[in-house]
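A, B, ... follow the sequence lines: proteins, then strands. Residue 1 opens every chain.
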Amino acid sequence: MSETNEKLLKPYNPQETESKIYKLWEESGFFNPDNLPNVIKESFTIIMPPPNVTGVLHMGHALMLTIQDIMIRQKRMQGYKTLWLPGTDHAAIATQARVEKEVQKKEGKSRHDLGREEMLKRIKTYAQESHDTITSQIRVMGSSCDWSREAFTLDEKRNIAVNTMFKKMYDDGLIYRGNRIINWDPKGQTTISDDEIVYEERTSKLYTFKYSKDFPISISTSRPETKVGDVAVAVHPEDTRYIEFIGKEYDLEFCGVSLHIKIIADKEVDPTFGTGALGVTPAHSMIDWEIADRHELSRPQVINEYSKMTVGGENLLNKKTTEAREIIVEWLREQNLLEKEEEIKQNISTAERTGGIIEPLPKLQWFINVNKSIPERGNKTLKELMRDPLEKEEIKIIPEYFSKTYFHWIDNLRDWCISRQIWYGHRIPVWYRSTSLTAGKEEIYCGTEAPQGEGWKQDEDTLDTWFSSGMWTFSTLGWPEKTKDMETYHPTDVIETGYEILFFWVARMIMMSEYALGEIPFKNIYLNGTVRDSKGQKMSKSLGNGVDPIEISQKYGSDAGRMALIVGTAPGTDSKVDENKIKGYKNFANKIWNITRFVLDNNPYVGQMVPLCQTYGENKIVNEFNDITKDITNDMENYRFHLASEKIYHYIWHKFADELIEESKKDNEEGQQIKKILLPIWIDCIKILHPFMPFVTEEIWSMMPIESKNLLMIEKWPNV
RNA sequence: GCGCGGUUAGCUCAGUUGGUAGAGCAACCCGUUUACACCGGGAAGGUCGCAGGUUCGAGUCCUGCACCGCGCACCA
């Protein structure tokens with residue numbers, strides 16, 4: 001046995017092999033498409049969804065990296081100019097909230113104690129550490145991405161792109177500043193978008209009462225404390241019970257607060273709910289705000305950013321909303337106004353990142369208008385720009401049924417609030433100044449850089465993190481500059497991500513790309529499901545049921561982890577982590593290790609090997625293998641990696657090893673015939689398996705007796 | 001309330017255009033003069049949630065229902 005093959009005498013050791021192999025790949029330069037020899041086809045591009053710099057990689061990332069690496073490796077072997085561009089996301093609120101929490105815990109200080117500059121310094125340090133961990137973990141997974149093009153959603157180049165986009169949208173009238181009701185997160189002290197709300201079902205009480213003895217109509221609410229902000233009672237226009245009161249106005253005292261209530265008719269009111277009459281609180285309810293719009297009502301704010309009351313006498317003023325609720329209910333009881341108290345199930349809006357209970361508040365914020373027609377884009381609206389490419393099937397979603405969810409979301413889409421009252425993120429590129437010259441009126445300047453002249457102050461707010469993520473497919477390629485990368489790699493081929501961010505991210509990317517470039521950002525959307533624990537529960541920090549992909553790699557090898565994640569995991573469906581399954585694929589790695597030993601050892605035909613792509617005449621075994629190769633290639637090109645991986649696994653173990661190798665041991669004509677073709681078939685098996693289990697196959701490849709071979713990662717995919 | 005998905009072997013799940021139901025793991029029997037025990041051979045296991053329909057033929061298509069999960073909306 002030759003020297004290299006001595007390794008084969010011991011069981012396969014992934015720990016020893018994997019880091020060595022990754023280094024080999026990285027040093028080869030082949031992750032960078034510019035360095036690829038033998039490019040015979042056009043470009044194939046995937047921009048990696050950037051993991052948040054809030055900590056470490058989880059199994060979901062591992063799955064995403066596996067799927068993308070499979071696609072990338074196959075395309076690279078097929079001769080495409082293959083680019084997989086990696087990066088990380090600053091994840092504004094998530095990252096800042098994390099560091100704030102840490103500072104609070106360790107030093108007992110708030111972000112305001114530290115100040116903007118110092119806080120940002122702390123966050124940046126944390127983000128950098130997190131970034132370093134994550135990028136090393138991406139390497140551990142075997143991801144063949146081009147590190148020379150790595151990007152960060154908050155680096156300088158991306159900042160230029162973001163500011164350019166903001167200004168373009170501002171100039172086109174798509175970005176506007178408005179005083180509107182928004183979702184306020186009292187815990188995170190910032191606004192959030194509709195999509196960042198998570199609903200939690202809780203039981204709460206529904207109170208039915210009258211404002212005062214003289215008031216003719218009873219109303220119901222689960223939030224009595226907001227009722228000090230009421231300006232009207234709305235009833236359905238055809239509700240005969242109340243028709244006589246419509247238009248009347250009442251002055252009354254409610255728990256020490258003077259209210260002026262007008263009875264109005266509005267079709268939005270459901271006459272069958274509660275008393276059929278709705279107390280209208282414009283400043284603290286989305287629907288009421290809209291009713292106030294229609295009826296030109298005033299909008300007094302009674303709750304502030306800290307969820308405290310801003311009206312009332314000593315009994316209410318500055319009290320937390322929860323206390324105020326008790327006080328008002330008690331007052332209603334005392335006054336004998338409370339008619340009914342019942343338990344109801346209610347969906348509470350909470351902030352996705354902080355868990356804070358959302359308080360709707362009116363605030364001056366920046367919004368993106370999704371319903372304004374854009375002359376430059378054939379008078380289409382942003383909504384239409386998001387919808388069209390999927391409707392026209394320029395973009396395909398895998399699995400296809402998610403397009404229904406997508407359209408449904410667009411139909412319900414409202415203007416997107418993009419300003420955030422946090423410090424970590426892209427600062428809004430708008431400056432204000434009021435001087436004696438402007439006679440008290442504020443000047444506004446929007447630009448990619450600070451304006452000339454004295455006295456300008458930049459907007460304090462930063463942008464929703466998804467604004468910069470939305471530009472990811474082209475900001476990473478150099479936009480707004482007209483770069484060679486833009487020309488070569490855009491539109492990209494596939495975006496691969498979890499279905500849970502279809503709206504947050506995928507839709508916004510389509511919007512941004514269609515708007516700014518008039519081009520789709522990608523041709524295909526591959527949505528993967530959620531990786532759950534063995535019981536089917538979502539992995540989370542609080543449950544402590546997370547499985548660390550790096551631990552898995554150390555214990556079983558990344559190859560095994562990758563196979564366990566992809567075999568049987570159909571697009572869009574959730575999967576469970578099963579350590580037994582991973583163990584099975586560790587055994588598989590060892591199996592192919594031993595197959596290699598057998599094929600190379602005591603095989604007189606090794607020296608006269610003829611590659612399989614050359615003619616073998618009419619050979620049943622070769623034909624069968626070619627069919628399987630074709631089938632697997634076809635599966636992979638149609639995103640059926642869960643099938644392709646299983647098929648190659650099955651062929652290798654149960655056909656190649658259990659049948660062909662066993663028969664080749666026979667000391668007869670047939671056995672000799674099989675022995676002749678073992679190596680050429682085996683070589684192609686290794687190639688087909690490479691995208692799935694890149695490390696062990698590359699290591700085996702290095703031992704193959706082939707003249708002038710290169711790395712397996714750029715070998716030609718079997719062509720049948 | 002509207003929408004989407006799931007329901008297939010003990011468990012976890014595949015099943016691409018309708019053509020005799022598949023894998024992994026577990027359990028059962030046999031086997032260690034072996035490339036590999038991180039192994040091999042064998043057998044067992046399913047009225048494909050329920051009820052209709054289309055079809056020569058349905059796990060697959062259509063209709064209805066049940067249960068589970070998810071999304072959106074409502075949440076006065």
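Contact check, A:Lys576 against B:C13: a side-chain N or O comes under 4.0 Å of OP1 or OP2. At B:C39, one or more side-chain N or O atoms of A:Asn587 fall inside 4.0 Å of OP1 or OP2 (strictly under the cut-off). Under 4.0 angstrom from either OP1 or OP2 of B:G71 there lies no side-chain N or O belonging to A:Tyr199. Between B:G24 and A:His654, a contact under 4.0 Å exists linking OP1 or OP2 to a side-chain N or O. In terms of phosphate contacts, A:Trp653 brings a side-chain nitrogen or oxygen within less than 4.0 Å of OP1 or OP2 of B:G40. Considering only side-chain N and O atoms, A:Lys581 lies nowhere under 4.0 angstrom from the phosphate OP1 or OP2 of B:C25. One finds a side-chain N or O of A:Lys591 lying less than 4.0 angstrom from the OP1 or OP2 phosphate oxygen of B:G40. A sub-4.0 Å separation between OP1 or OP2 of B:G5 and a side-chain N or O of A:Thr405 is absent.
Under the Watson-Crick or G-U wobble criterion, with both distances below 3.5 Å, B:U54 has no partner in any strand shown. Base pairing analysis places B:C4 opposite B:G69; the two distances defining the Watson-Crick or G-U wobble pair are each below 3.5 Å.
For A:Asp658, taking side-chain heavy atoms from C-beta onward, the closest of the listed nucleotides B:G41, B:A73, B:C72 is B:G41. The side chain of A:Ile287 sits closest to B:C75 out of B:C75, B:G71, B:G24.
Going from the C1' atom of B:U32 to that of B:A37 covers 8 Å, rounded to whole Å. If you take atom P in B:G59 and the same atom in B:G19, they sit 10 Å apart, rounded to whole Å. Comparing the same atom, C1', in B:C75 and in B:U12 gives a spacing of 38 Å after rounding to whole Å. Using P as the reference atom, B:U7 and B:C50 are 12 Å apart when rounded to the nearest Å. B:U54 and B:A44 have their C1' atoms separated by 37 Å, given to the nearest Å. Distance check on atom P: B:G15 versus B:U60 gives 14 Å, rounded to whole Å. Comparing the P positions of B:A21 and B:C48 gives an interatomic distance of 10 Å, to the nearest angstrom. Taking the C1' atoms as reference points, B:G40 lies 44 Å from B:C56, given to the whole Å.
The CD-P distance, from A:Glu659 to B:G42, rounds to 9 Å in whole Å. Rounded to an integer number of Å, the gap from NZ of A:Lys583 to C1' of B:A37 is 12 Å. Between A:Tyr12 atom OH and B:A35 atom P the separation is 23 Å, expressed in whole Å. Summarising the geometry, the separation between OH on A:Tyr556 and P on B:G24 is reported as 19 Å, rounded to the nearest angstrom. A:Asn594 places its CG atom 7 Å from the P atom of B:A37, with the value rounded to the nearest Å. As a whole-Å value, the separation of A:His408 NE2 from B:G71 P is 14 Å. Per the geometry, NZ belonging to A:Lys404 stands 19 Å off P belonging to B:A73, to the nearest Å. Here B:A35 presents its P atom at 13 Å from CD1 of A:Ile595, a figure rounded to the nearest Å.
To the nearest 0.5 Å, atoms CD1 (A:Ile686) and CD1 (A:Ile648) are separated by 8.5 Å.
Aromatic pair A:Tyr651/A:Phe625: ring centres closer than 6.0 Å.
Ring pair A:Phe209/A:Phe254 is parallel by interplanar angle, where below 30° counts as parallel and above 60° as perpendicular. Relative ring orientation between A:Trp409 and A:Tyr406 is described as tilted, the plane-to-plane angle lying within the 30° to 60° band. Aromatic ring pairs are classed by plane angle as parallel below 30°, tilted from 30° to 60° and perpendicular above 60°; the pair A:Trp593 and A:Tyr12 is tilted. Ring pair A:Phe641/A:Tyr639 is perpendicular by interplanar angle, where above 60° counts as perpendicular and below 30° as parallel.
By the 4.5 Å heavy-atom criterion applied to side chains, A:Met693 and A:Ser645 are not counted as neighbours.
Within residues 271-279 of chain A, the residues approaching RNA chain B are A:Phe273, A:Leu278, by heavy-atom distance under 4.0 Å.
The nearest pair of heavy atoms linking A:Thr321 to A:Glu359 is CG2-OE1, 4.2 Å.
Residues satisfying the side chain to side chain contact (heavy atoms under 4.5 Å, CB included) test with A:Lys383, not counting sequence neighbours, are A:Val370, A:Asn371, A:Thr381, A:Ile410, A:Leu413.
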Taking only N/O atoms, report every protein-nucleotides 15-22 of chain B pair under 3.5 Å with atom names and distance.
| from | atom 1 | to | atom 2 | distance (Å) |
| --- | --- | --- | --- | --- |
| B:G15 | OP1 | A:His642 | NE2 | 3.1 |
| B:U16 | O2 | A:Arg640 | NE | 2.4 |
| B:U16 | O2 | A:Arg640 | NH1 | 3.0 |
| B:U16 | O2 | A:Arg640 | NH2 | 2.7 |

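Partner of A:Phe588 under the side-chain contact (heavy atoms from CB on, under 4.5 Å) criterion, out of A:Val567, A:Leu689, A:Val696: A:Leu689 alone. For the side-chain contact (heavy atoms from CB on, under 4.5 Å) test with A:Val506, the passing option among A:Thr497, A:Ile395, A:Ile397 is A:Thr497; the others fail.
Between the A:Thr530 side chain and the A:Arg532 main chain, no donor and acceptor come within less than 3.5 Å of each other.
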